[in-house]
Protein chains: 2
Amino acid sequence: MLLYRQFQHGKPRVTEPSWPRSGENLEITHKRGKPTLRTIATIAGLAVTTVSRALSDAPQISLETRQRVHRIAREIGYLPDRAAQRLKTGRTNVIAILLDSHEEVVGFSTSIMYGIAKALKETSYHLVVAPNFLSTTDVEAAEYIVRNHLADGLIFTRTEPLDARVRLLLETGFPFICHGRTEFSTPHPYVDYDNFTFAYEATRRLIAKGRKKVAVVLPPKRLTFCQHILHGFMTAVREAGIAYEIPETVDLDTPADVLRDFISSRAAALEAPDGFICPGEVSALAVISGMSDAGRTLAVDYDIVAKETSRLLTQLQPKVDTIHEDLTAAGEDLGRMLLQRINNADAEDLHLLLPPQINFPVDQAL
Amino acid sequence: MLLYRQFQHGKPRVTEPSWPRSGENLEITHKRGKPTLRTIATIAGLAVTTVSRALSDAPQISLETRQRVHRIAREIGYLPDRAAQRLKTGRTNVIAILLDSHEEVVGFSTSIMYGIAKALKETSYHLVVAPNFLSTTDVEAAEYIVRNHLADGLIFTRTEPLDARVRLLLETGFPFICHGRTEFSTPHPYVDYDNFTFAYEATRRLIAKGRKKVAVVLPPKRLTFCQHILHGFMTAVREAGIAYEIPETVDLDTPADVLRDFISSRAAALEAPDGFICPGEVSALAVISGMSDAGRTLAVDYDIVAKETSRLLTQLQPKVDTIHEDLTAAGEDLGRMLLQRINNADAEDLHLLLPPQINFPVDQAL
DNA sequence: TCGAGGAATGAAAACGTTTTAAATTTTAAC
DNA sequence: GTTAAAATTTAAAACGTTTTCATTCCTCGA
């Protein structure tokens, strides 16, 4: 025991440091090849415990030792073993994103995921895609993840006012953040796009352009942001005292051909709208297509203001006024704020309403 | 010691089984709440070792015991701890997908990921998104994952003939599969879409419709499938001895407005093409838009055959002939085959070329 | 009755961390 | 010079598996 101490610890202290330097051969190969805490400990002539604490910058380890350990770790390319850390601490270092089948069609979530990944880049967190692991519904998927501690936090989109996922996660106290708001009284973290302002400004734009009757393609009614859009739309409509119309049989998730046919037959009938709010690229294209079928020309017979999450629409149809929603940025915020939540930040401080980016070209303004 | 054996093991053997039944209270709560092998062992009056083997259906465990253990595990909702398994076995149970920044724009990968997730659903594998963890290039990201054993297998898309990622992974012997082929002599698993046939059939369709000069929007030249498309196109062109044109200054990744403007100015010049192959929705829309700017009418002055990965184009523009590529199915194959590869299936058997799904409407055929 | 041999089960070690509690060294105070 | 306190460092246990090797029990042939 004493001998061990003399050899392991005493020596480096008395004489010159004896661990190998940068250029020398550091191949203290472990069973699996990868360097571990023990590799560093051997090199530094320290105990594994000390190395562990030094790497987490515990104050009781002397500054000199900490720096030395950090340097060695860097030199041999040490990376803590995720499995061992997870086993010991119970933290998974994983963020899960729930993607429902809606996303498959639209490709909506790629940008968001890209943003989340960006936020996670410098951290030890990984992003795992949880389509719905063994379950059929989103809630079951969430439940499964929570029950089995498959992640430290959860992200999902398209909330409903009394979203079942939110309810579950609030009840279990599991860290999460969602894209979209709810009506629960308990505050919870969220990132949302200001769809009220989007719809309000979009409607005002149509009115400013002299349109006489405006219409809006609403999202499915069960989603929270449908109310926001409706509210923004109606506010602008009432302020201006203008005619309006809200299609009941189609919505944002309606297949493009159905929406197109609806629009074109509506255009043929009496008192058709001449201004459209489209909260998505696909719906905008469908409207353009439908109106074109009915012989109407964009920017002449009617106008569109569309929300776009790419630059596709602006590029293809400069005549469409667009208001941008930056989903990658939203994803970045989602990731960042969820990490804060996991570190026990107050839910009330984790609310973010992202402002619409209005792109109306000046030369087209009246 | 002897006493322990009598109590732990002997008893259930001699008397009636004494473990709790389905209805009874099974709350043998562990430190962290989750049931572990020890929970089952205690309930069953067996050793942890035996339970572990029973669950993996080792032949040396009696059938009766195996069934009993399985039943208990099911009843208490046991799920093996991923961290512990990973630590012990060295297998991560993780598949990583590398997404490069290109995907951000197009939303291309969502469908693929959905497919992969589908293939992984009944397995113990999770899908993690590796944008490029700490690195700038794709190769570095792959290297990082390999070096630190962050996954058991890797998936990526858009291969080049001498893809650096493929080279790295072949050299290190790390399991992977890619969407797209390469020119390496060592066989490696891949799933690819038959872009030759796509381009060949698309070109023939335009010719059959009576078009006099065909053009194709090619993918970036560095990508393998650019050659396949070019080859299919040229084969059909030569067979028919028809005029053709290959734009040099634009490609599939060109921003839509640039492509649109290119097309419209080209249409205005001499001997403009009247048939277009567009290997993507966005390029098709850009071509339609550009031709429309030049006063040309689709299906009258010119025709388009487009590859589509959604149903968007068919829905919006029934006049565009489309050939479908099912990316979700591709993802499913990618996932399934990568798992096979991880289980040491021969790389030569893991080659899949998915056939184009041709959607040419009958009533429009000549 | 005895051991041999096979069938079934069990103990213990290990994977690489973190953490609790203990040990050792250094410093400070007398 | 002691000795107590402060500053460092260390040993050992634990997280939940899997795996190697050992143990127990039973059957069977002599």
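Below, chain A is the first sequence line, B the second, and so on; all start at residue 1. Values in this document were obtained by computation on a predicted structure and should not be read as measured data.
Remark: C1' of dT9(D) and CG of L63(A) are 16 Å apart, rounded to the nearest angstrom. Atom C1' of nucleotide dT18(D) and atom CZ of R38(B) are separated by 16 Å, given to the nearest angstrom. Following rounding to the nearest Å, K34(A) (NZ) and dA14(C) (P) show an atom-to-atom distance of 20 Å. Straight-line distance from the CG atom of D57(A) to the C1' atom of dT18(C): 16 Å, rounded to whole Å. Whole-Å rounding puts the L87(A) CG to dT18(C) P distance at 11 Å. Distance CZ (R66(B)) to P (dA8(C)): 9 Å, rounded to an integer number of Å. The distance from atom CD1 of I40(B) to atom C1' of dT17(D) is 12 Å, rounded to the nearest whole Å. Counting to the nearest Å, the P atom of dT20(C) and the CD atom of Q60(A) are 11 Å from each other.
Between Q85(A) and the phosphate of dT18(C), there is a side-chain N or O to OP1/OP2 separation shorter than 4.0 Å. Listed pair T50(A) / dT10(D) meets the phosphate criterion, a side-chain N or O lying under 4.0 Å from OP1 or OP2. When the side-chain nitrogen and oxygen atoms of T49(B) are compared with OP1 and OP2 of dA12(C), none of them lie within a distance under 4.0 Å. For dT18(C), one of the phosphate oxygens OP1 or OP2 lies less than 4.0 angstrom from a side-chain nitrogen or oxygen of S52(A). In this model, the phosphate group of dT9(C) is approached by a side-chain N or O of T65(B) to a distance below 4.0 Å at OP1 or OP2.
Applying the salt bridge (Lys or Arg N to Asp or Glu O under 4.0 Å) test to residues at least two apart or on different chains, the pairs with a partner in residues 335-346 of chain A are D333(A)-R336(A).
D152(B) places a side-chain N or O within 3.5 Å of a backbone atom of T92(B) that can act as its donor or acceptor partner.
Scanning both residues, V51(A) and A41(A), for their nearest heavy atoms gives CG2-CA, 3.7 Å. Pairing each heavy atom of E332(A) with each of A119(A), the nearest pair is O-CB, 3.4 Å.
When distances are taken from the side chain of A84(A) to each of dG16(C), dA14(C), dT9(C), the shortest belongs to dG16(C). Comparing dT17(C), dT9(D), dG16(D) by their nearest atom to the side chain of D81(B) picks out dG16(D). Of the candidates dT10(D), dA14(C), dA14(D), the closest approach to any side-chain atom of K88(A) belongs to dA14(D).
Under the ring-ring contact (aromatic ring centres under 6.0 Å, His included) criterion, H351(B) pairs with Y190(B), sequence neighbours left out.
Remark: the S52(B) side chain and the T49(B) side chain contain no N/O donor-acceptor pair separated by less than 3.5 Å.
Over its length, the helix from dT1(C)-dA30(D) to dC30(C)-dG1(D) turns its helix axis by 70°, as judged from the five terminal pairs at each end, rounded to 10°.
Nucleotides of DNA chain C nearest to R53(A) and L37(A) differ in position, and the one nearer the 5' end is that of L37(A).
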Step by step, work out the ring-ring contact (aromatic ring centres under 6.0 Å, His included) result for F176(B) and H188(B). CA-CA 8 Å; F176(B) 73 98; H188(B) 62 79; 5.4 Å; yes

